[in-house]
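Values reported hereafter were calculated over all heavy atoms of this structure, with side chains retained and with hydrogens, waters and symmetry mates removed. Order of appearance sets the numbers: ligands from 1, and atoms from 1 within every ligand. It should be emphasised that the depicted structure is a prediction, and the values quoted were computed from it without experimental measurement.
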Amino acid sequence: MRTHLTAALALLGIVTFTHAAVTDAMIEGEPKTGAEVLSWGLGTQGQRYSPLKQVNTSNVAKLSPVWAFSFGGEKQRGQESQPVIHQGRMFVTASYSRLFALDAATGKKLWKYEHRLPEGIMPCCDVVNRGAALYDNLVIFSTLDAQLIALDQATGDVVWKEKIDDYQAGYSNTSAPIIAQGLVLTGVSGGEFGVVGRVEARNAKTGQLVWVRPTVEGHMGKVFDKDGNAKDNGISGTTGKTWPGDLYKTGGAATWLGGTYDPKTGLAYFGTGNPAPWNSHLRKGDNLFSCSTVAIDVKTGQIKWHYQNTPNDGWDFDGVNEFVTYDAGNGKRLGGKADRNGFFYVIDAHTGKLENAFPFVKKITWATGVDLKTGRPNFVPENRPGDPTAGDGKKGSTVFSAPSFLGGKNQQPMAYSPDTKLFYVPANEWGMEIWNEPIAYKKGAAYLGAGFTIKTINDDHIGALRAMDPKTGKIVWEVKNGAPLWGGVMTTAGNLVFWGTPEGYLKAADARTGKVVWEFQTGSGVVAPPVTWLQNGEQYVAVVSGWGGAVPLWGGDVAKKVNYLEQGGMVWVFKLGDRPAARSTVPGVQTAQAR
Ligand code: CA
């Protein structure tokens, strides 16, 4: 009750908060008020929808910068972080496992935590971090050496610190933790090194393990008592069923993008990455629970259901993409997922039953579609990269595949609007040449058994922000982008969709028509999702800018095409005002200056 009252008063700008601890009720109420940003996803469901509408299509042209903050140092690199904001403080993570606390009204630095990283960390895809979780008086984030750190929100002092796993075996962590029922839920990164994917639940106040659920079939789950003693909690699936021999012991299925949680179902939804190694001929079978959505009962740590997007994956189609639940009317709770493999899936959030599946990119070579009866893809066998043992033993036949392994969508999260009932998907159109090679597991070494080159498909664009109707599977509108889209999306009750581009723009479009109505040049590429909140009764918008991530490292021909983009590391914050803004490059787009 108090939460609702203070939130309501804050909406009116009447009270400034005394610093109150973040509770489960506040986190579960976040999507309704939109006053603060407490979770990755603007609510643990991950809809990235804000009910705020002070900023809307009629006045967004006046959206102007309020402050900006530099992460400084020589550590620019990719910045994929979503800030969280509570009681006038912004907590934002940066490359190389850093976290800054800033005054959300002025940008003044309050404190900084710089994690001391060891030599020899093995992040596959840049030294990124995607954000922190808030609980009680803590701000909790994960590090590149696979630790979980809880800091005091007021001081930045370490309250607890837990090791998730051994970085020398290839484990790392880049995702934002989420809070569910007083637990902090995290996954692991390291699918390219043959780690074993899993989801961990800890007491968010103490860091103590509560349960661990492996996402590779055949591994034992655990629960822990108050003294930290482990007890078996059932094997995930059945040992030996979908994996040959001992390969499940290094099976990948890394949960590297974290998860979402729906209080209405009590389930946490984690996407899982590729089975290891990439060479699919070495592991005949479906290789559960790789390339899947796994729904875990938060109370028990048991898998309630799973849906596998790409059985026996041969293309590195990590199924890590966020599962975003929504009300579909008639009491139906569905979830949407735009998978790296190019298909968009609509699934019953309670049961895992597939309701709909359709492409959200225009070229898909590995399958002709998804069979809605069986839930399985209709593979195109000749478009699977070949078995090296069928030829000279050194290299299998090369195939062209679309999407590329960087995906129809990668880490950049989509948004869902309950107003328009559309998903806003940051999609990419690209392909790859891919082939298989022999490989054996070696601790701490890349475990692929494949080679690849990323290729463009179209001359004029790779990225496309697409409004997708989950009922019909139709693209309602799209805004094309030259470089691949790598930042997340946000939509608001102001009928707006916000997203960033590697070219440096934060953009806003009309949520119903896709007409771009505002843009701002941030000075480096945007590869992070925007947020919005109320600051002293005014609606603010923020985004982190700083080009990097997987594209410059692994992007082949695309990396060359975009190698003119400069790195950075800034938070930009906006509100309505008459400060000057640079003239837009979009014909017909108003800016503060143009007015
Ligand atoms: Ca992967």
Residue pairs involving residues 432-451 (criterion salt bridge (Lys or Arg N to Asp or Glu O under 4.0 Å); sequence neighbours excluded):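 Residue pairs passing salt bridge (Lys or Arg N to Asp or Glu O under 4.0 Å), neighbours aside: Asp166-Lys443.
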Qualifying salt bridge (Lys or Arg N to Asp or Glu O under 4.0 Å) pairs with a residue from residues 280-291, counting only residues at least two apart or across chains: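 Checked against salt bridge (Lys or Arg N to Asp or Glu O under 4.0 Å) - neighbours excluded - the pairs reaching residues 280-291 are Asp286-Arg376.
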Salt bridge (charged side-chain N to carboxylate O under 4.0 Å, His left out) partners for Asp297, two or more places apart: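 Partners of Asp297 by the salt bridge (charged side-chain N to carboxylate O under 4.0 Å, His left out) criterion come out as none, since no residue qualifies.
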Every N, O or S from the protein that is nearer than 3.0 Å to the Ca ion (ligand 1):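 Less than 3.0 Å away from the Ca ion (ligand 1) sit Glu192 OE2, Asn274 OD1, Asp316 OD1, Asp318 OD1, Asp318 OD2.
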N-O pairing of Asp145 and Arg116 below 4.0 Å: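 Looking at Asp145 and Arg116, the cut-off is not met.
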Residues Lys362 and Glu429 bridged, charged N to O under 4.0 Å: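 Salt bridge between Lys362 and Glu429, a charged N being under 4.0 Å from a carboxylate O: no.
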Proximity of Tyr447 and Phe193 rings by center, below 6.0 Å: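 Aromatic pair excluded; centres sit 6.0 Å or further apart.
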